[in-house]
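Starting from 1, each residue takes its place in the sequence as its number. Atoms within a ligand are numbered from 1 in the order they appear, just like the ligands themselves.
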Amino acid sequence: MDKKYDVDLSVVVPSYDEEESLKELTDWIDRVVSQTQYTYEVIIVDDGSSDNSWSVVEQLHKANPSILGIRFRRNYGKSAALSEGFKAARGKVVITMDADLQDSPDEIPELMRLILVDGYDMISGWKKIRHDPLSKTIPSKLFNAVVRKISKIKLHDFNCGLKAYRSDVIKTIEVYGEMHRYIPLLAKESGFKKIGEKVVTHYERKFGKSKFGIERTIKGFLDLLSVTFMSKFGKRPMHLFGALGTLMFFFGFIAAAWLGAKKLWFVFHHTNAPLVTSSPYFYLALVFMILGTQLFLTGFTAELVTRNAPDRNKYLISSTISAQQCN
Ligand code: UDP
Ligand code: MG
């Protein structure tokens with residue numbers, strides 16, 4: 001095993017009120033990984049469960065010290081759980097898996113091979129045959145098509161809970177808010193290009209019920225806008241707001257100039273000039289110029305915010321060659 005890592009594999013399991021599943025899941029992971037030569041740890045992140053999950057985790061750890069746990073004081077959401085799990089993960093490969101037994105630990109050896117032998121940075125699961133209600137699968141198809149188009153990453157199932165990563169990837173990306181749906185995008189933006197997918201077996205939920213409702217689609221799309229905005233203009237907001245603002249102000253100004261010129265023409269030719277306010281262009285000109293100025297000012301404000309951001313000059317460096325120091 002690589003000396004840099006304490007174990008070969010970390011399995012990170014975000015878990016919210018899943019007490020019935022945890023033992024079966026960890027037994028299954030143990031059964032599968034024990035048949036390989038890999039050392040492993042399972043990190044169960046209890047996302048503020050109100051059931052008995054934590055005492056189950058404690059018992060599991062007593063019986064098998066490879067099973068570790070992190071417990072949130074309250075429910076923060078799946079992204080937060082993944083983020084803490086990633087911080088704690090010591091493995092060379094990190095696999096995430098839902099706690100509800102919908103993802104199959106049988107996929108672990110092949111996922112490990114894809115990362116370690118085939119050299120993928122990340123493999124995303126693809127629930128090709130999916131055991132979920134239509135209310136979930138139809139929005140999901142649409143969602144995936146849009147994300148595929150915007151991100152240009154050729155994956156069928158961005159939001160699959162079962163994913164495998166090279167350690168570097170999860171130590172680099174920052175999963176916050178509800179960004180767990182966009183981990184492949186975050187990885188790509190951080191320069192990890194070898195992203196693949198593997199068809200995985202998906203099971204019906206055995207116990208309890210889904211923790212996400214239909215509102216996930218709306219939140220998902222809003223987050224998609226944020227991710228694309230941040231990746232493109234996060235470090236240079238003025239380029240977006242300034243361009244939009246200038247464009248709007250320009251159209252407003254043209255409309256105002258046209259109205260003014262027309263008025264003057266009427267005045268000089270002693271015809272009965274209509275009031276400028278009687279033209280719809282007057283109002284359009286006003287709105288466009290005000291909005292344009294505001295967009296511009298938003299751009300300046302956003303620049304001030306990014307100037308103060310602690311990571312404004314943080315870049316991801318994968319390797320360096322520097323001069324030997326002689327003393
Ligand atoms: N989950 C979590 N915190 C939450 C909601 C969900 O840790 O606030 C976990 C949940 O316990 C499960 C995984 O995230 O292990 C996926 O959730 P779920 O099965 O409800 O999602 P679905 O399968 O419906 O997409
Ligand atoms: Mg599930």
Side-chain angles (χ1 to χ4, degrees), residues 10-29 42-57 60 67-89 94-105 107-108 124-144 147 155-164 170 175-184 200-221 223:
S10 299
V11 183
V12 174
V13 182
S15 171
Y16 179 40
D17 287 346
E18 314 274 10
E19 58 177 351
E20 304 98 328
S21 312
L22 294 176
K23 175 149 174 49
E24 195 174 328
L25 179 73
T26 48
D27 283 352
W28 191 356
I29 295 173
V42 178
I43 302 172
I44 300 173
V45 189
D46 178 359
D47 185 10
S49 299
S50 45
D51 65 1
N52 240 342
S53 295
W54 187 247
S55 49
V56 175
V57 175
L60 289 171
I67 297 169
L68 310 171
I70 296 170
R71 184 189 196 185
F72 283 171
R73 196 171 287 282
R74 48 159 273 229
N75 178 244
Y76 283 103
K78 189 175 176 182
S79 290
L82 286 175
S83 176
E84 277 308 312
F86 287 163
K87 278 187 215 158
V94 177
I95 292 183
T96 58
M97 193 177 282
D98 287 355
D100 54 359
L101 294 166
Q102 290 198 273
D103 298 329
S104 164
E107 309 285 352
I108 291 176
S124 184
W126 173 14
K127 302 168 291 221
K128 199 169 181 182
I129 301 172
R130 202 170 157 179
H131 297 279
D132 276 325
L134 278 182
S135 62
K136 213 162 166 184
T137 50
I138 292 175
S140 160
K141 277 223 158 70
L142 179 75
F143 169 86
N144 280 307
V147 184
L155 293 181
H156 290 87
D157 189 1
F158 283 83
N159 195 14
C160 183
L162 183 56
K163 287 190 171 70
I170 53 107
V175 193
Y176 65 96
E178 291 194 14
M179 294 301 177
H180 57 269
R181 298 188 183 94
Y182 300 106
I183 297 182
V200 294
T201 323
H202 186 243
Y203 296 99
E204 244 173 86
R205 204 176 225 287
K206 202 162 169 185
F207 307 99
K209 55 180 189 335
S210 171
K211 308 299 183 294
F212 297 100
I214 189 79
E215 79 285 353
R216 81 162 99 197
T217 323
I218 300 158
K219 289 188 192 167
F221 280 113
D223 283 344

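Residue contacts with ligand 1, taken as heavy atom pairs separated by less than 4.0 Å, involve Asn75 solely via side-chain atoms from C-beta onward. Here Asp47 has side-chain heavy atoms under 4.0 Å from ligand 1, and that is the only part of it that gets that close. In Arg130, neither the side chain nor the backbone holds a heavy atom less than 4.0 Å from any atom of ligand 1.
Here atom 15 (O) of ligand 1 lies nearest to Ala99 when heavy atoms of Ala81, Ala99, Ser140 are compared. Looking at Lys127, Glu18, Gln102 and measuring to atom 10 (C) of ligand 1, the nearest heavy atom belongs to Glu18. Comparing His180, Lys136, Lys211, Lys78 against atom 22 (P) of ligand 1, the shortest heavy-atom distance belongs to Lys136.
Not a single heavy atom of Gly161 sits less than 4.0 Å from an atom of ligand 1.
Close contacts between ligand 1 and Arg216 involve ligand atoms 22 (P), 24 (O), 25 (O) [criterion: under 4.0 Å to a heavy atom].
A donor-acceptor contact shorter than 3.5 Å is absent between the side chain of Gln102 and the backbone of Glu204.
Classification of Asp223 and Lys219 as a salt-bridged pair fails, no side-chain N sitting under 4.0 Å from a carboxylate O. Under the 4.0 Å criterion applied to side-chain N and carboxylate O atoms, Lys78 and Asp98 are assigned as salt-bridge partners.
Taking atom 7 (O) of ligand 1 as the reference point, the nearest protein heavy-atom neighbour is Ser15 N, 3.4 Å. Protein heavy atom nearest atom 18 (P) of ligand 1, with residue, atom name and distance: Arg205 NH2, 3.6 Å.
Ring-plane geometry between Phe212 and His180 is classed as tilted, the angle between the planes lying from 30 to 60 degrees on a 0 to 90 degree scale.
Nearest heavy-atom pair, Asp46 versus Ser49, reported as atom, atom and distance to 0.1 Å: OD1-OG, 2.5 Å. Ser104 and Trp28 get closest at one heavy-atom pair: OG-CZ2, 3.6 Å.
Looking at ligand 1, you'll find an N or O of Ser210 within less than 3.5 Å of one of its N or O atoms. Residue-to-ligand polar distances place Pro14 within reach of ligand 1: an N/O pair is separated by less than 3.5 Å.
For the Mg ion (ligand 2), the N/O/S atoms of Asp100 include one lying under 2.8 Å. For Ser210, every N, O or S atom stays at 2.8 Å or more from the Mg ion (ligand 2).
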